[in-house]
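Let me begin by presenting the structure, written as structure tokens, before commenting on it.
Heavy-atom basis, side chains included; hydrogens, waters and symmetry copies ignored. These numbers were taken from a predicted model, which means no experiment stands behind them. Position 1 is the first residue of the sequence, and the numbers go up from there. Whatever order the structure lists them in is the order used to number ligands and atoms, beginning at 1.
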Amino acid sequence: MSCANTCGSELISDSRAWRDLQDHVDEIFNLHLKDLMQDRDRCKSMIKEFDGIVLDYSRQRATQCTFSKLFALARQAKVKEKIDAMFSGVHINRTEDRPVLHAALRAPRGVKIICDGKDVVPEVWEVLDKIKCFSDQVRMGSWVGETGKVLKDVVAIGIGGSYLGPLFAYTALQTDPEAAKLADGRRLRFLANVDPVDVSIAINGLDPETTLVVIVSKTFTTGETMLNSKTMKSWLVASLGPGCVAKHMVAVSTNLKLVKEFGLNPDNAFGFWDWVGGRFSVCSAVGILPLALQYGFPKVQQFLEGAWSVDYHFKTAPLEDNFPVLLGLISVWNVSFLRCPARAILPYSQALQKLAPHIQQLSMESNGKGVAMDGTPLNYHAGEIDFGEPGTNGQHSFYQLIHQGRLIPCDFIGIIKSQQAVNLKGELVSNHDELMCNFFAQPDALAYGKTREEARKEGIPEELVPHKMFTGNRPSLSILLPTLDAYTAGQLLALYEHRIAVQGFIWGINSFDQWGVELGKSLATKVRQTMNKVRTKGECVCGYNYSTTYMLNRFLQGEITLLQGTAFLLVK
Ligand SMILES: O=P(O)(O)OC[C@H]1O[C@H](O)[C@H](O)[C@@H](O)[C@@H]1O
């Protein structure tokens with residue numbers, strides 16, 4: 001029974017557009033991609049270009065009729081109206097009563113984006129101008145450390161949305177020749193995990209005299225970031241004295257009160273706003289400050305321009321030509337109708353190695369929800385499991401499952417002109433062409449497969465035929481970018497950000513909160529108190545179930561065993 005009948009609430013699954021798609025699934029299950037790919041007109045209608053990006057979604061298990069039905073679903077879910085509401089500063093993050101305006105972070109000067117009666121773009125540029133000024137000073141050596149040395153190394157402390165997006169962008173530009181030149185002599189490290197091992201990796205080879213620490217935390221309360229910040233502060237102070245903090249530590253946060261309480265000068269803080277969700281904050285000071293310190297502000301501005309190009313397209317293009325809408329609809333089709341549990345993100349570029357980890361948070365934290373906006377439990381799955389690796393590494397790892405195991409729609413991302421050209425004499429193709437051969441081969445291998453007859457024709461022994469045949473009919477889409485630079489990295493970021501929002505708009509969920517991460521955090525607080533009492537007062541572990549009590553005791557006693565073991569070794 002649909003919820004509409006029991007509690008007066010409408011889920012998208014109650015709509016005719018949804019049921020129409022459900023009825024259409026069997027028709028699609030009877031078709032094979034190898035046949036669909038014969039239809040040139042169909043393929044032609046499923047290849048689109050926008051601002052240098054080529055999107056080919058002809059290898060989706062879908063016909064033109066499927067897409068008409070998907071557009072009807074988008075209209076039913078009021079996707080266009082929701083996009084407009086987002087760009088107009090409506091509080092679409094209803095559970096937190098906040099607007100969702102990360103697009104305003106990359107709006108060019110002069111564009112007006114009104115939020116609660118106020119144009120937010122001038123405030124955005126005030127912070128960007130401050131970042132430009134500060135990063136120029138540090139890079140040019142007019143802002144120096146406690147002992148007068150240039151601060152050539154940066155450690156950016158932050159986790160989740162205050163880490164993954166900036167890391168993606170940093171890595172994408174690291175091997176871009178122009179960006180690399182701008183970063184010459186500088187190092188940017190990220191410190192996310194509260195694991196002391198991560199601290200030791202972050203500071204390995206760094207000198208406190210030449211290191212600037214940037215604390216990045218939207219709330220300035222995240223346990224991991226706060227402990228790492230204190231650890232880094234003590235590392236700096238131990239060698240440079242307490243007065244060094246003003247020159248060696250700055251912060252990015254929406255909570256400037258807590259920044260001050262931490263002991264930082266508010267002048268050394270770069271603000272942003274509640275209307276920027278953590279995982280959507282790459283284009284705020286969260287990403288822009290560390291990236292500008294590494295690559296210089298003008299380079300990072302190109303990243304903002306690339307993202308804005310997609311923002312503007314998303315806001316203005318009709319549904320049928322709108323890349324994020326198309327991508328979002330494809331994912332809804334695969335998850336909710338073809339029942340695919342996951343999505344593989346497969347960039348054929350080593351520089352995009354941190355794309356999948358960023359999308360994991362962006363997508364799974366946004367759409368991993370069980371109730372609709374009004375609290376009604378969903379009777380369909382929202383969200384998917386995102387994972388991926390750069391090609392061809394993934395091919396030698398998990399592609400087996402994608403070719404012969406589970407049905408996993410794949411995003412293939414290719415680059416026309418590599419950041420690094422290597423052309424060896426005597427080789428059939430250049431190294432980048434070699435990489436891209438795989439980008440072109442894999443989608444067809446997945447779509448066409450290999451029949452029993454084809455396997456037999458190859459002379460494969462009969463008993464091995466079932467093992468060496470491929471069912472095919474496995475969906476993928478391909479995105480081809482002209483090059484990988486700051487601009488296209490920004491485009492790619494915005495494409496995924498908006499695609500994920502579209503999925504949430506259709507599923508009727510709130511993609512902009514993340515209450516699901518809270519429960520584990522609050523239980524950890526209880527464990528922290530227990531650990532402290534056991535270690536400092538010798539109290540016993542109590543108030544937990546048998547399993548947790550056992551494991552906690554084992555952990556707490558383990559240290560003693562280890563110490564005894566060490567002592568034994570010493571005695572020996
Ligand atoms: O930026 P912060 O406030 O430190 O938050 C860092 C991260 O922690 C939380 O647990 C959330 O799940 C993330 O969405 C957030 O990005």
Side-chain angles (χ1 to χ4, degrees), residues 92-93 95-96 98-102 105 127 155-170 190-195 198-199 202 213-233 249-262 264 269-291 354 356-370 383 385-386 493 496-497 500-501 504 509-528:
I92 61 169
N93 174 357
T95 58
E96 295 178 313
R98 289 175 186 167
V100 175
L101 277 176
H102 44 276
L105 299 170
V127 178
V155 177
I157 307 173
I159 198 162
S162 295
Y163 159 61
L164 291 160
L167 177 68
F168 148 69
Y170 162 70
F190 291 90
L191 171 55
N193 199 333
V194 74
D195 188 339
D198 209 15
V199 178
V213 171
V214 182
I215 308 172
V216 186
S217 176
K218 180 177 171 182
T219 56
F220 227 73
T221 57
T222 304
E224 293 85 343
T225 301
M226 291 303 110
L227 187 58
N228 278 338
S229 299
K230 288 181 203 157
T231 310
M232 287 302 293
K233 190 177 179 182
M249 289 189 104
V250 297
V252 174
S253 186
T254 56
N255 197 337
L256 299 180
K257 185 172 164 271
L258 289 186
V259 170
K260 198 172 167 197
E261 279 172 31
F262 184 85
L264 296 189
F270 298 80
F272 64 112
W273 308 268
D274 265 356
W275 40 261
V276 182
R279 56 195 171 275
F280 295 93
S281 66
V282 194
C283 296
S284 72
V286 165
I288 301 306
L289 178 61
L291 293 168
K354 296 298 176 189
H358 176 51
I359 303 307
Q360 277 175 357
Q361 186 201 10
L362 193 62
S363 163
M364 296 202 261
E365 198 164 88
S366 297
N367 290 339
K369 306 286 161 64
I385 301 154
D386 285 283
L493 173 87
Y496 274 94
E497 284 180 348
I500 285 156
I509 58 176
N510 184 359
S511 300
F512 306 106
D513 64 12
Q514 59 286 318
W515 304 106
V517 300
E518 297 303 325
L519 182 60
K521 275 192 205 170
S522 55
L523 288 187
T525 304
K526 181 181 165 193
V527 178
R528 188 180 304 122

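- Across every non-hydrogen atom of F270 and L289, the tightest pair is CD1-CD2, 3.6 Å.
- Within 4.0 Å of ligand 1, counting heavy atoms only, the contacting residues are I159, G160, G161, S162, S217, K218, T219, T222, Q361, E365, V517, K521.
- Classification of the F262-F220 ring pair by plane angle, with boundaries at 30° and 60°, yields perpendicular.
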Under 3.5 Å, side-chain donor or acceptor atoms of residues 156-170 against the rest of the protein: list the pairs with distances, not counting sequence neighbours.
| unit_1 | atom_1 | unit_2 | atom_2 | d |
| --- | --- | --- | --- | --- |
| Y170 | OH | Q174 | NE2 | 3.0 |

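- When all heavy atoms of S511 and I500 are compared, the closest pair comes out as OG-O, 4.1 Å.
- When every heavy atom of S217 is checked against every heavy atom of T222, the shortest pair comes out as OG-OG1, 3.9 Å.
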### Query
What's the verdict on side-chain contact (heavy atoms from CB on, under 4.5 Å) for I288 and L105, showing C-alpha distance, side-chain angles and the deciding distance?
CA-CA 10 Å; I288 301 306; L105 299 170; over 6 Å; no
